[in-house]
Amino acid sequence: MTDNRTLRWFLFAYLALVFVFIFAPIFFSVVFSFNSDRFPTIPLGNFTLKWYQTVWNDPDVWEAARTSLTVSLSTATIATALGFATAYTDYRYSFRLKPIYLGLVLLPPTIPLIIMALAMLAWFAKLGISGQVMSIIIAHSVLTAPFAMAIIRLRLSQMDPSLEAAAWNLGANEWSAMRRVIVPFCRPAIISSFCLTAAVSFDEFAISWFVSGLNKTIPVIILEIVTGNIDPQVNAIGSFVFLVSMTLVIIAQVVLMTRRKKEN
Amino acid sequence: MVAPLVEFRSVVKRFDDFVAVEDVNFTIDAGEFVAIMGPSGCGKTTTLRMLAGLEAPSEGNILMDGRVMNDVPAHERDTPLVWQSLALFPFLTARENVEFGLQMRGVGAAECRRRALEWLDRMEISEFAERDIASLSGGQKQRVALARSLVIEPRILLLDEPLSALDANLVIRMQSVLTRLQRELGITFVYVTHSQSEAFAMADRVVIMSRGHISQIGSPKDIYRAPANRFVAEFVGRNNIIAGAVTKTAAKTVTIEGSLGSFTVQTGQHDAPRKGDVARFVVAADLAQISVKKPKSANVIPCSLISEEFIGSIVTLFLEAEDGSELKVQLQERELSKVDLKSATTTYLSWADEHGHYIGVD
Amino acid sequence: MRTFSIFKQTFRLPIVLWQSLFFIGPLCFTVAMSFFIVRNYRMQEDFVMKNWAKMLGRDYFWDSYFLTWGLAGIGTIVTMTVAFPAAYTLAFKVSETVRRWAIFMLIIPFFTSYLVRIFSWYVILAESGVINAGLSYLGLGPFVMLNTKFGTVVGYMTLTLPLVIILQTFALSNVDRSLVEAAFNLGCRPFRTIYRVILPMARTGLIIAAVFCFILSFGDFVSPYYLGGSKPPTLPILIVDTVKSGQQWPRAAVVAVVMMVTLFVVAFAGIMAAYRRRVG
């Protein structure tokens, strides 16, 4: 049995190491954002807020933050609405072309972003709507709708199958049952889906970079700074982006968890 | 002539290739308590759902008050259903659940509230009105579900195995709540169940279904005393089913000879069988008698006692006949003490002529 | 009762229209675009094989192609190998609560900026970066890690490792634990049990994890660019360079189509392998 115990500890140590690898870049990015050295290493330089000040005083960053916010909130709204409608269709109806239907919805995340970026760029140019904030929103909605669909579909599968029929039985037509029963039941998943799709959109850079034109988002600014040279401003912006994304993710998680606890 | 409240006319329901309900005909009168009973998959729930408009019949018509209901959508019918899962809305409080049906009928907020609270009070759960559904016990949820259906003052209430999730004590309590409600309100209850005790305890009439067909319709007593066929006789239980070849037919009687002996029974309303057909009759366990001395009756089967089972003051004796088939006798405990079974090696099961009930040829 | 229902279509149609217009549309247009022609810096719709001939006829394209294959392949093998003991631990050696928390932690990186994380690696791996500075106290180094295949693979892993661990953990969790114990009871040694019992049973999930890992690595342009030095460029970098440095979209489209076909074949082969009936 001692063998087994050694193996166990070895595995735990290994797991810890893997987590260190995964979180090291996030951790160092935050640390470096407060570090005075232009090229940080150990030992660390002095504590400073100058990178944050630089970013704070940069009107481009503010403009990009506004664009990013618009894009991610609009994307989250569209993707969640599309995802909800699709999840409900999958939940309620069966039809002959359903595998194709679901494929159409769920496929986008399997296409490399760079290909999507090129395809969107060319297609929007063809339709004459390239280089607008709207182009980013459309592209991001295509990309994130599958996530919304998955989250809401999961919630629907937890629903008592007679709940909707019970509403009809009590005199609700399909629309009222949707508004009064299905939507309230899915509310936690809808909120989660909204936060998560917003977070994904807020971080996406490849498509934004290709289709944004002059309307840069925060990740596009990061990409441009990184391409230029080493500039710890990136860490400051990155930490800010991380904070926003994490807040959204944690809200999403908490909403889902508390609801589940309450129902059990 | 007043039209019955509900009428099923040659109703068929198919799901793809599967026939769930086949050629069902029956009527339900206003104020009746009807139980639809059968094993799972017999079509009883489908029948109920068609009545609620949640499934459309593939063929035939369902009428209410003489009006064909086939194309009336579920939400335009006043046929509230108490679901097996209860299907209470988990994101609403008890009161809001009860208000739902009223709101859908355009009743004003204050009136909704008043009537919901009235019903919660009537169901003795008014103190839980503002509670979340998840925090209620099984029995309390049951009462919310009933209130939610009854608050819209329907003429008919549909119940789909509503007590199946409750424990035994609570089932008995809820049975009396349901029968009392039905009597007080004077409305029709259609109660789907697989439990014979629930159906027999509450219903005025029982519809027994098997594989999409109706096997028998009748009062609990009819069904118990006079099962129409082998399926009902077996499903009801507490019956000794005796099979054999027909050796003699006469006016209204038939003689059946099998491994347990030769017996003559009345054919009743059944068609007369032909000689050589395999026919069956039943002797209800509580109508059979047991003795240690061979009785004079012509209907005697010698057998040996295998075991006894006591439920309250009722004893069921399990017997084995010489050919190995199992027979049952049910009697009061104090009657049992008159028979000294312990010392006897052979006992005799017998029955009066009129208690042999012919159930026909397969 | 096959009637048209406004309600039904309200929920079914939007995504069909949306995805046709903004997902299928762009992808089909990309395929078509690979046959267009560029004259005087303007793209014109046409149907010529010129772009295909030009791209496929050049050595540097094929260098890029095989380099991308090689990097993504190595990345997939390394990631799958590194992830396995971690997933094994999460699936078999920890409690339900720990597993749920670990998976939540593994989801977090998806929502953090991949770019920032790669930039962070850039600083950490640099010749005078954190790692080399640390090693110098031990009298080692400095090691060159940037602009190497090592750097690229570290970058790929930043992207793929959390996902692969999650997928592997799910795959291994589906393995019937009583069978694993039965194997131990029959005297099967741990590594043999993994090889003979666990791997075959978790095969479908593991192959899916590998396919996802390969697709993500194959399509990533950030790691090979910033950590791998992009010399020679991988296919995604080729697309970026071709688009950003001129109006040669049709040539970029050729690269994109080649990538899509490659990934389609890989995914198809993977799915066939994952769902193939076990023989013998």
Side-chain angles (χ1 to χ4, degrees), chain A residues 7-8 11-12 14-15 18-19 21-22 24-26 28-29 32 39-42 82 85-86 88-89 93 101 104-105 108 110-115 118-123 126 138-139 142 145 174-175 199-200 203 205-206 210 219 222-223 226 230 234-235 238 241-242 245-246 248-249 253, chain C residues 7-8 10-12 14-16 18-19 22-27 29-30 33 82 85-86 88-90 93 104-106 108-109 111-117 119-121 123-124 128-130 133-134 158 161-162 165 190 215 218-219 221 226 236 239-240 243 249 252-253 256 259-260 263 267:
Chain A
L7 180 69
R8 222 180 141 79
L11 285 173
F12 284 162
Y14 182 87
L15 188 63
V18 166
F19 271 89
F21 175 85
I22 290 170
I26 300 170
F28 278 109
S29 171
F32 293 159
F39 198 96
T41 182
I42 47 178
L82 286 170
T86 314
Y88 178 75
T89 300
Y93 302 103
Y101 178 82
L104 188 65
V105 180
T110 64
I111 306 286
L113 286 174
I114 190 70
I115 295 178
L118 172 68
M120 292 288 182
L121 171 69
W123 184 243
K126 161 94 181 155
I138 291 173
V142 170
E174 285 183 311
W175 295 101
V200 170
D203 279 339
F205 57 88
F210 271 52
I222 295 176
L223 192 74
V226 170
I230 304 294
V234 169
N235 293 319
V241 172
F242 179 69
S245 305
M246 276 322 297
L248 289 170
V249 175
Q253 188 73 8
Chain C
F7 178 83
K8 191 203 268 184
T10 306
F11 291 90
R12 190 191 294 191
I15 194 84
V16 175
W18 186 268
Q19 298 296 78
F22 297 121
F23 176 57
I24 301 298
L27 287 185
F29 187 70
T30 306
M33 191 167 71
V82 169
Y88 179 85
T89 313
L90 287 178
K93 301 284 175 191
F104 175 62
M105 295 284 282
L106 288 170
I108 288 180
F111 301 100
T112 64
S113 172
Y114 174 49
L115 269 178
V116 174
R117 282 183 289 153
F119 176 73
S120 193
W121 274 125
V123 177
I124 296 169
S128 54
V130 174
T158 308
L161 189 59
I165 295 178
I215 291 176
F218 198 81
F221 76 90
Y226 294 100
I239 293 182
V240 172
V243 171
W249 293 3
M259 283 179 68
M260 277 196 282
L263 290 177

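Basis for what follows: all heavy atoms, side chains included, without hydrogens, waters or symmetry-related copies.
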Contact leader toward chain C among Pro219(A), Pro112(A), Ala24(A), Ala119(A), where contacts are heavy-atom pairs under 4.5 Å: Ala119(A)
Residue pair Phe111(C) / Ser245(A): nearest heavy atoms and the distance that separates them: O-CB, 2.8 Å
Pairs of heavy atoms under 4.5 Å with chain C: top-ranked of Thr110(A), Val200(A), Leu223(A), Ile111(A): Leu223(A)
Pairing residues for Tyr101(A) by the side-chain hydrogen bond (donor to acceptor under 3.5 Å, both in side chains) criterion, not counting sequence neighbours: none
Option that, when pairs with chain C are counted at under 4.5 Å, heavy atom only, ranks first among Leu248(A), Ile26(A), Val241(A): Ile26(A)
Test item: Thr89(C) side-chain N/O and Pro85(C) main-chain N/O as donor-acceptor pair under 3.5 Å: yes
Part of Phe119(C) lying under 4.5 Å from any heavy atom of chain A: side chain
Partner chain A: residue of Gln19(C), Arg12(C), Arg117(C) with the largest heavy-atom pair count (under 4.5 Å): Arg12(C)
Greatest number of heavy atom pairs closer than 4.5 Å to chain C - which of Leu15(A), Thr86(A), Val249(A), Leu104(A): Leu104(A)
Mutual orientation of the aromatic rings belonging to Trp175(A) and Phe11(C) [parallel < 30°, tilted 30-60°, perpendicular > 60°]: tilted
Expected output: side-chain Tyr14(A) to main-chain Val82(C) donor-acceptor under 3.5 Å: yes
Selection from Phe21(A), Phe19(A), Phe12(A) maximising heavy-atom pairs under 4.5 Å formed with chain C: Phe21(A)
Proximity breakdown for Phe28(A) and chain C, heavy-atom pairs closer than 4.5 Å: both
From Tyr114(C) atom OH to Asp203(A) atom CG, the distance as rounded to the nearest 0.5 Å: 13.0 Å
Among the listed options Leu106(C), Ile239(C), Leu115(C), Thr30(C), the residue most often paired with chain A at heavy-atom distances under 4.5 Å: Leu115(C)
